[in-house]
Amino acid sequence: MVFRRERLAAPTLEAAQALLGALLVHDAEAGSDRRVGRIVEVEAYTGQDDRASHARFGRTARNAVMFGPPGIAYVYLVYGMYDCLNVVTEPDGRPGAVLVRAVEPLEGVEAMRAVRIARGRGAARIRGLPAHRLASGPGLVAAAFDLDRSDTGRDLCDPASPVRLEAAPQGEPVPSIVATARVGVHYATDPWRSVPWRFAIAGHLSVSGPRDRV
DNA sequence: GCAAAGATTTGCT
DNA sequence: GCAAATCTTTGCC
């Protein structure tokens, strides 16, 4: 069941929490199995008021998709090395996005491990990682699902898209959510630096860390 | 045009 | 606990 776009048209703080427990799916492609992960950690970034958001400069070539319709992928490169996946939120015309910081691998664990070895350094270390740590960080989610900036603009709410969001399975218990300050936004002024807009499933092993463990 | 900094991760001290 | 790796985007001259 695809993730309903109207849930992402909501205010970004609500959309972010709604994404916890949802599934990120990348269909099988040549040489790689289907990959599925449960979203366990996210961060909300809003419009021009939010001094930590990419939208703080207004509409630019990089962040333009944040100002468009909800449910679209926004992938950017940080620190010249790591791609990060965001889901665009808010109605068309208003900026907003949710950064997917960590997922729990459910299917295609070895495909995730293989692409992380191919893209990153430290193959020996990655080979020894337990499955629940293969996508526990924003740069690691994009690596495990083989996403980069060229995936910006993909419609994650289209059932035909090879990369998409699916609703949490029916009957799954509602996750217990913990909120903390966002990570890595020391450059922003208060209150934006410290608002509790990072959301995670309480105590989940796949939440990024160790410094951010909840 | 150029300089600075960044929604991170890893490895070494 | 700290610094390196690495390059795009943004802001200012």
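What you see below is based on every heavy atom in this structure, not just the backbone, and it leaves out hydrogens, waters and symmetry mates. Residue numbers begin at 1 in each chain, while the letters A, B, ... track the order of the sequences. All of these numbers come straight from a predicted model, not from anything done at the bench.
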Kindly work out whether a path of hydrophobic side-chain contacts (I/L/V/M/F/W/Y, heavy atoms less than 4.5 Å apart) joins A/Y79 to A/V100.
-> no
Between A/D146 and A/E29, is a side chain to side chain contact (heavy atoms under 4.5 Å, CB included) present by the stated rule, with each step listed?
-> CA-CA 11 Å; A/D146 205 18; A/E29 52 192 15; 4.0 Å; yes
For A/R119 and B/dT8, give me the distance from atom CZ to atom P, rounded to whole Å.
-> 16 Å
Linking I/L/V/M/F/W/Y whenever any side-chain heavy atoms sit under 4.5 Å apart, do A/M66 and A/V42 land together?
-> no
Side-chain donor/acceptor of A/Y79 to base of C/dA5, under 3.5 Å | no
Please give, in whole Å, the distance from C/dT6 C1' to A/R121 CZ?
-> 10 Å
A/R116 side chain near B/dT10 phosphate (N/O to OP1/OP2, under 4.0 Å) | yes
Whole-Å distance, A/M81 CE to C/dT9 C1', equals 17 Å
Between A/L20 and A/V141, is there a shared hydrophobic cluster once you connect ILVMFWY residues whose side-chain heavy atoms come closer than 4.5 Å?
-> yes
Represent DNA chain B in dot-bracket notation, 5' to 3'. Only Watson-Crick or G-U wobble pairs with both distances under 3.5 Å count; pseudoknot-style crossings use [ ] and interstrand partners use |.
-> ||||||.|||||.
Rounded to whole Å, the NE2-C1' distance (A/H186 to C/dC2) equals 14 Å
Here the distance between atom P of B/dA5 and atom NE2 of A/H54, to the nearest Å, is 16 Å
In whole angstrom, give the distance that lies between atom CG of A/L77 and atom C1' of B/dT8.
-> 10 Å
Side-chain heavy-atom pair A/H54, A/Y74 within 4.5 angstrom cut-off = yes
Enumerate the residues from residues 56-64 of chain A whose closest heavy atom to DNA chain C is under 4.0 Å, giving them by residue number; use none for an empty result.
-> A/F57, A/T60, A/R62
Side-chain heavy atoms of A/E166 within contact of A/V36, under 4.5 Å = no
What distance, rounded to whole Å, do you find between the two P atoms, one in B/dA5 and one in C/dA3?
-> 15 Å
Which residue lies more 5' along DNA chain B, comparing A/I126 with A/G184 via nearest heavy atoms | A/G184
Give the ring-plane orientation class for A/H26 versus A/F145, where under 30° counts as parallel, over 60° as perpendicular and anything between as tilted.
-> parallel
Go through the steps for A/L23 and A/F3 under the test side chain to side chain contact (heavy atoms under 4.5 Å, CB included), then give the verdict.
-> CA-CA 9 Å; A/L23 305 182; A/F3 196 90; over 6 Å; no
So, is A/Y187 close to the B/dA7 phosphate, meaning a side-chain N or O under 4.0 Å from OP1 or OP2?
-> yes
Of the listed C/dT8, B/dT9, B/dT8, the closest approach to the A/R149 side chain comes from C/dT8
A/R94/A/T46 under side chain to side chain contact (heavy atoms under 4.5 Å, CB included): CA gap, chis, key distance, verdict | CA-CA 9 Å; A/R94 184 185 311 176; A/T46 59; over 6 Å; no
To the nearest angstrom, the CZ-P distance between A/R51 and B/dG6 comes to 13 Å
A/Y82 OH to B/dT9 P: how many Å, rounded?
-> 7 Å
